[in-house]
Chemist: 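Please read through the structure below; I'll follow up with questions.
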Amino acid sequence: MKLRIAPSPTGHLHIGNARTALFNWLYARANNGTFLVRIDDTDTARSSEEYINDIVKNFKWLGIDWDEGIQVGGPHGEYKQSLRFDRYREIAESLLSRGLAYEDEGAIRFKVPNENSIVFDDITRGSMKFELSDVEDFIILRSDKSPTYHLASTVDDIDYEITTIARGEDILSSTPKHILLMQALNADVPTFCHLPLLFGPDGKKLSKRHGDTSVSSFRDMGLLPEALFNYMCLLGWAPGNDLEIFDKDLVIQKFDLANVLPNPAIFDTTKLLWMNGQYIRNTSDDDFTLSALEKISQDLDRELFEKEISRIKKILPSVQERIETLNDLTPQIKFLLDEPFEVNQEEWDSVNSSEGQSYLMSIREIFKSLEDFSLSNIENIMREELKNKDTKPKIGFQITRVSVTGTKVSPPLFESIYALGKDAVLARLAESIEKL
RNA sequence: GGCCCCGUCGUCCAGAGGCCUAGGACGCUGGGUUUUCAACCCAGAAACGCCGGUUCGAAUCCGGUCGGGGCUGCCA
């Protein structure tokens, strides 16, 4: 069993293509088959090397690897159609000389017999039938002698011995043309599977009209590849038992193209975001620390100082519990950075009160003489002082939060104070008290 | 217009004739927890497009209808 994905490098890797690649990859892996990636760049004007790199990079990021094809090589050259134009011309010429095609204003058209019909079994859709009287003679070689998609793709599928073609439903009506070409070339007709399209929220084929739908844009959103992978699996397929969060191994074990739904799915970012949060929470502490520090450094566009790293590490467990994407990280730990610190004036005003001020001054004094600045000591002291002064938690804690973190919304208060460290906390409290 | 595909909560999926007064998840609403924001827990609203047929019995099979979508390029 051999499957392929054949993206056109006329844009960034599109999420719809990624999903098609994923299902092909899964089917190949589930059946101990071969997965091949080739580049369909017959449209030389719109294709570019930059996009090939983007496609390759994002397949790898998603964890989709291939056994044959672009970059990894194999018995068929470089797996780029732009390098095989001679081969396609040769085929077009042979069809011409056999009377199966004809010249039309410099281009070559395949002659579609207008009797009979084409019948084939589609894995997800069952028996398909197209009357040939509905199929037009189609161009296989353009007047500039470059092959069209129909020709190049079909020849490659034959030459590379593809056994199963799973592609988007948008090409379903072109399938009779491809079967006709294969028959004309005396090749075995592979098994077809037309996967349901991905729709935007408006119920139309997902495209640039729906904003940036490239895989790289999802990475830029701070998504984990495992989460996107998991989410894409659920678009048109499910492993059963209402299982929703699962890893690669489980999918490979259960996946079958025959169980893919024939109806289109709307790509809903909301659930994807939720799922990403689940994956973040399920990440081990060590792994999360590693990727978090890297991400923060990336966002800041600089290396982190040792002091910052040790502070951040202390708060990370709390942050991991409450973020949805990696992009939520840096804003949450911003107050721990060794950078000019500023309190949001408006928010300060909204929590400021004489009762709060009094609490602030008291805990500063207590903190000052506290030798063991531990998390539990901080919490005990702050709660005790609340009781002493008969102050409500909200009054005492919120003003402290704004004073120490700069805003009303932050990671948990005691953890934030503990992470920031005694010296910086005292300094910030002093600063707030000064301007009271 | 022609050809083709599709049709279960707003969304993703479960359901492959009786187990369905249709199940799970996201989202939404209400509640709990609570020092913020989250996370977490509990509860709730929410769907088989419609009409026929087959059958003792249909979300499940068939036909029609309506609705949505794709293709109709010397793009892929």
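Letters A, B, ... are given to chains in the order of the sequence lines, protein chains preceding strands, and every chain is numbered from 1.
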Chemist: Just so I know, are the side chains of A/I381 and A/F367 near enough to count as touching, which here means a heavy-atom distance under 4.5 Å?
Modeler: yes
Chemist: To the nearest angstrom, how far is A/W274 atom CH2 from B/C28 atom P?
Modeler: 13 Å
Chemist: List every contact pair, protein side and nucleotides 11-15 of chain B side both N or O, where the distance is under 3.5 Å.
Modeler:
residue, atom, partner, partner atom, Å
B/C12, OP1, A/I266, N, 3.0
B/C12, O2', A/L234, O, 2.8
B/C12, O2, A/K271, NZ, 3.3
B/C13, OP1, A/G236, N, 2.4

Chemist: When you compare B/G30 with B/G17, how far apart are their P atoms, in angstrom units rounded to a whole number?
Modeler: 42 Å
Chemist: What integer number of Å spans the P atoms of B/A25 and B/G68?
Modeler: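 So the two P atoms sit 32 Å from each other.
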Chemist: List, with names and distances, any nitrogen or oxygen atoms from the protein found under 3.5 Å away from nitrogen or oxygen atoms belonging to nucleotides 29-38 of chain B.
Modeler:
residue, atom, partner, partner atom, Å
B/U35, O2', A/Q398, OE1, 3.4
B/U35, O2, A/R401, NH2, 2.2
B/U36, O4', A/Q398, OE1, 3.3
B/U36, O4', A/Q398, NE2, 3.3
B/U36, O2', A/K408, O, 3.2
B/U36, N1, A/R401, NH2, 3.3
B/U36, O2, A/S410, N, 3.0
B/U36, O2, A/S410, O, 3.0
B/U36, N3, A/R401, NH1, 3.2
B/U36, N3, A/S410, O, 3.0
B/C37, O2, A/R322, NH1, 3.1
B/C37, N3, A/R322, NH1, 2.3
B/C37, N4, A/R322, NH1, 3.3
B/A38, O2', A/R322, O, 2.8
B/A38, N3, A/R322, NH1, 3.3

Chemist: Atom CG in A/D328, atom CG in A/N276: separation rounded to 0.5 Å?
Modeler: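 These two atoms lie 9.0 Å from each other.
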Chemist: Scan every strand shown for a Watson-Crick or G-U wobble partner of B/A25, both distances under 3.5 Å, and answer none if you come up empty.
Modeler: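 Partner of B/A25: B/U11.
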Chemist: Is there side-chain contact between A/I395 and A/Y359, with at least one heavy-atom pair below 4.5 Å?
Modeler: no
Chemist: Take atom C1' in B/G27 and the same atom in B/A46, then report the distance between them in whole Å.
Modeler: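 My reading of the C1' atoms in B/G27 and B/A46 gives 11 Å.
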Chemist: Just the rounded figure in Å: distance from C1' of B/A25 to CZ of A/F246.
Modeler: 12 Å
Chemist: What distance separates A/D170 CG from A/K205 NZ, expressed to the nearest 0.5 Å?
Modeler: 4.0 Å
Chemist: Check whether any side-chain N or O of A/K129 sits under 4.0 Å from OP1 or OP2 of B/C4, and answer yes or no.
Modeler: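 It does not, given that no N or O in the side chain of A/K129 lies less than 4.0 Å from OP1 or OP2 of B/C4.
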Chemist: Given the structure, check if the side chain of A/T270 and the base of B/C26 hold any donor-acceptor pair shorter than 3.5 Å.
Modeler: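 By the distance-only test, no, there is no pair.
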Chemist: Give one of base, sugar-phosphate or nothing for A/S8, where a contact means two heavy atoms less than 4.0 Å apart.
Modeler: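 A/S8: backbone/sugar contact only, no base atoms under 4.0 Å.
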Chemist: Rounding to an integer number of Å, can you tell me how far A/H150 NE2 sits from B/C74 P?
Modeler: 8 Å
Chemist: Examine A/R19 relative to A/F23 and say whether NZ or CZ is less than 6.0 Å from the centre of the six-membered ring and inside a 45° cone about the ring axis.
Modeler: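 Because its charged atom sits under 6.0 Å from the ring centre and within 45° of the axis, A/R19 does stack over A/F23.
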Chemist: Could you tell me the Watson-Crick or G-U partner of B/A47, where both distances fall under 3.5 Å? Say none if there is no partner.
Modeler: none
Chemist: Taking side-chain contact (heavy atoms from CB on, under 4.5 Å) as the test, write out the residues that go with A/D285, two or more places apart.
Modeler: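 Once residues adjacent in sequence are excluded, the partners of A/D285 under the side-chain contact (heavy atoms from CB on, under 4.5 Å) criterion are A/Q320.
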Chemist: Within the 4.0 Å heavy-atom criterion, would you say A/Q320 contacts the bases, only the backbone, or no part of the nucleic acid?
Modeler: nothing
Chemist: What's the separation between atom CG in A/L329 and atom CD in A/E324, rounded to the nearest 0.5 Å?
Modeler: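 Those atoms lie 13.5 Å apart.
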Chemist: Any base atoms under 4.0 Å from A/S174, or only sugar-phosphate, or nothing? Heavy atoms, all strands.
Modeler: base
Chemist: With a 3.5 angstrom cut-off on both distances, give the Watson-Crick or G-U wobble partner of B/U34, or none if there isn't one.
Modeler: none
Chemist: Which one is paired to B/G67, where only Watson-Crick or G-U wobble pairs with both distances under 3.5 angstrom count?
Modeler: B/C6
Chemist: If I take atom CG in residue A/L273 and atom C1' in nucleotide B/A39, what distance separates them, rounded to the nearest angstrom?
Modeler: 15 Å
Chemist: Out of curiosity, A/S47 OG to A/I52 CD1, how far, rounded to the nearest 0.5 Å?
Modeler: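 That separation rounds to 7.0 Å.
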Chemist: Rounding to a whole Å, what distance do you find between A/K205:NZ and B/C6:C1'?
Modeler: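 Checked: the NZ to C1' distance equals 15 Å.
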Chemist: Would you indicate, yes or no, if B/C5 has its OP1 or OP2 atom less than 4.0 angstrom from a side-chain nitrogen or oxygen of A/S173?
Modeler: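 Answer is no, no contact under 4.0 Å.
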Chemist: I'd like the C1' distance from B/U55 over to B/G18, given in whole Å.
Modeler: 12 Å
Chemist: Could you pull out all residues at least two apart from A/D41 that satisfy side-chain hydrogen bond (donor to acceptor under 3.5 Å, both in side chains)?
Modeler: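 Scan of A/D41 (side-chain hydrogen bond (donor to acceptor under 3.5 Å, both in side chains), adjacent residues dropped) gives A/S82.
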Chemist: State which residues pass salt bridge (Lys or Arg N to Asp or Glu O under 4.0 Å) with A/K208; sequence neighbours excluded, sorted by chain then number.
Modeler: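 Applying salt bridge (Lys or Arg N to Asp or Glu O under 4.0 Å) to A/K208 gives none.
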Chemist: Quantified in whole Å, what is the P atom distance between nucleotide B/C42 and nucleotide B/G7?
Modeler: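 Nearest-Å result for B/C42 against B/G7 at atom P: 34 Å.
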Chemist: Between B/U34 and B/A38, how far apart are the two C1' atoms, rounded to whole Å?
Modeler: 11 Å
Chemist: With P as the reference atom in both, quote the distance from B/U33 to B/G69 in angstrom, rounded to an integer.
Modeler: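 Straight-line distance between the two P atoms is 48 Å.
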Chemist: Using a heavy-atom cut-off of 4.0 Å across all strands, would you classify A/K392 as base, sugar-phosphate, or nothing?
Modeler: nothing
Chemist: Given the C1' atoms of B/G15 and B/G67, what is the spacing between them in whole Å?
Modeler: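 It works out to 23 Å between them.
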Chemist: In whole Å, what is the span from the CZ atom of A/R46 to the C1' atom of B/G73?
Modeler: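 Nearest whole value for this atom pair: 11 Å.
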Chemist: Could you state the atom-to-atom distance from CD1 of A/I171 to C1' of B/G70 in whole Å?
Modeler: 11 Å
Chemist: Only counting residues at least two apart or in another chain, list the ones meeting side-chain hydrogen bond (donor to acceptor under 3.5 Å, both in side chains) with A/N388.
Modeler: A/E385
Chemist: Both conditions, 6.0 Å and 45 degrees, for the charged tip of A/K2 above the ring of A/F35: are they met here?
Modeler: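 No, A/K2 does not sit over the ring of A/F35.
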Chemist: As a test of reading the structure: which of B/A76, B/G69, B/C40 is closest to the side chain of A/Q278, going by heavy atoms?
Modeler: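 The closest nucleotide is B/C40.
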Chemist: In the structure shown, which nucleotide is the Watson-Crick or G-U wobble counterpart of B/G73, with both distances under 3.5 Å?
Modeler: none
Chemist: Rounded off to whole Å, could you give me the CZ-to-C1' distance for the A/R209 and B/G69 pair?
Modeler: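 Rounded to the whole Å, the gap is 12 Å.
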